[in-house]
Number of protein chains: 2
Amino acid sequence: MNTLVTVDLQRASRLLKLLGDPTRLTMMKLLKSHECCVCEFVAIFKMSQPAISQHLRKLRDIELVKEERRGQWVFFSINEDHEDYPFIQSILEQLPEQNESIAELEAQGLRICCE
Amino acid sequence: MNTLVTVDLQRASRLLKLLGDPTRLTMMKLLKSHECCVCEFVAIFKMSQPAISQHLRKLRDIELVKEERRGQWVFFSINEDHEDYPFIQSILEQLPEQNESIAELEAQGLRICCE
DNA sequence: CTAGCATATAATGATATGCTTATATACGCA
DNA sequence: TGCGTATATAAGCATATCATTATATGCTAG
């Protein structure tokens, strides 16, 4: 009896299924420490823009991530207000940091900063 | 930096994908507190025996569960020696207990005891 | 307004998944 | 040995998933 809050099994399995894709899982891990826009993900995953967009849509559909348009770009970030965020967080915590991806982006001058 | 051990992202996503099915996730949660044999799962999930058997095989293929034949029956249990067991455990801990399923089995006289 | 870049959506196709039914295997008992 | 029960495997099918290409939309800058 060491957790106060539990996650309904059906809901949990839907979340885990979404996280059960290496691209989406990595996205979530990245987003945990950095906001990213779509084109950054395209550069990181070396995958077509629509593929990235579709993964992000799935994450957004169940509100695991939020999006915010800034000028031309759409930035994604983790939705910490999600009812099951503690569950998600406990999973992401156990994954290795993905700072190299971000560092590589910066090295290539592909990191987007906008204001 | 509060976890010492992290799970490779590829491996983590494979595990999460397997847990991302409500039947398998429930199986794992049940197995966390009770050994079960195949016919018990058939009764619990009201699903065909081959379907149950195939789910168990997937869990066994990546060694999340162990099997042990006892007479006519094959009992499954969680493999606590799995390299990623701490990861799995941290997920299962956050799911509600499934004791009703077991209680129901017992009420119907379907719980298997063999020795 | 138009051109160009960022992103989203639609349509399509290959492969994976999860069930079903039919059949094979393994064990226990008479 | 042969039968009944428990389980595993094989084959087939419907649907889901994840990519692709083509196209639409939205914003910015000139």
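Order of the sequence lines fixes the chain letters, A, B, ..., with proteins taken first and strands second; residue numbering starts at 1 for each chain.
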Quiz item: Rounding to a whole Å, what distance do you find between A:Trp73:CH2 and C:dG4:P?
Solution: 17 Å
Quiz item: What is the per-nucleotide protein-contact pattern of nucleotides 14-23 of chain D, from the 5' end, where B denotes a base atom under 4.0 Å from a protein heavy atom, S denotes such proximity for sugar-phosphate atoms only, and - denotes neither?
Solution: ---SSBBBB-
Quiz item: Looking at CG of B:Leu25 and CG of B:Leu19, how far apart are the two atoms once the value is rounded to the nearest 0.5 Å?
Solution: 6.0 Å
Exercise. Quick one: list whatever passes side-chain hydrogen bond (donor to acceptor under 3.5 Å, both in side chains) with B:Arg69, sequence neighbours left out.
Key: none
Quiz item: A:Ser53 has a side chain; which of C:dT9, D:dA8, D:dT7 sits nearest to it?
Solution: C:dT9
Self-check item: Test side-chain contact (heavy atoms from CB on, under 4.5 Å) applied to A:Gln10 - qualifying residues, sequence neighbours left out
Solution: A:Asp8, B:Pro22
Quiz item: Could a donor-acceptor pair under 3.5 angstrom be found where the side chain of A:Gln72 meets the base of D:dT28?
Solution: no
Self-check item: side-chain contact (heavy atoms from CB on, under 4.5 Å) involving A:Glu100 - partner list, sequence neighbours excluded
Solution: A:Gln98
Donor-acceptor pairs are to be reported for all side-chain atoms of residues 85-92 of chain A against protein atoms at under 3.5 Å, with residues two or more places apart or in another chain.
{"unit_1": "A:Ser90", "atom_1": "OG", "unit_2": "A:Phe87", "atom_2": "O", "d": "2.8"}
{"unit_1": "A:Ser90", "atom_1": "OG", "unit_2": "B:Gln94", "atom_2": "NE2", "d": "2.7"}

Quiz item: Which whole-number value in Å describes the distance from B:Phe45 CZ to C:dT20 P?
Solution: 14 Å
Practice problem: Take the protein atom CZ of B:Phe41 and the nucleotide atom C1' of D:dA6, then report the distance between them rounded to whole Å. | Solution: 15 Å
Quiz item: For the pair made of CG in B:Leu56 and P in C:dG18, what is the distance, rounded to whole Å?
Solution: 13 Å
Quiz prompt | Pairs meeting criterion salt bridge (Lys or Arg N to Asp or Glu O under 4.0 Å) with involvement of residues 27-37 of chain A, two or more places apart | solution = A:Lys29-A:Glu97, A:Glu35-A:Arg70
Can I get a per-line list of side-chain donor-acceptor pairs under 3.5 Å for residues 51-62 of chain A, giving both atom names and the distance, sequence neighbours left out?
{"unit_1": "A:His55", "atom_1": "ND1", "unit_2": "A:Arg24", "atom_2": "NH1", "d": "3.0"}
{"unit_1": "A:Arg60", "atom_1": "NE", "unit_2": "A:Glu67", "atom_2": "OE2", "d": "3.4"}
{"unit_1": "A:Arg60", "atom_1": "NH1", "unit_2": "A:Glu67", "atom_2": "OE2", "d": "2.4"}

Quiz item: Going by number, which of residues 27-34 of chain B have a non-hydrogen atom under 4.0 Å from DNA chain D?
Solution: none
Quiz prompt | Inter- and intrachain pairs under salt bridge (Lys or Arg N to Asp or Glu O under 4.0 Å), touching residues 11-21 of chain B, at least two apart | solution = B:Arg11-B:Glu83, B:Arg11-B:Asp84
Quiz item: Rounded to the nearest Å, what distance is computed from the CZ atom of residue B:Arg70 to the P atom of nucleotide D:dT7?
Solution: 12 Å
Self-check item: Atom-to-atom span, CZ of B:Arg57 to C1' of C:dT25 - whole angstrom
Solution: 14 Å
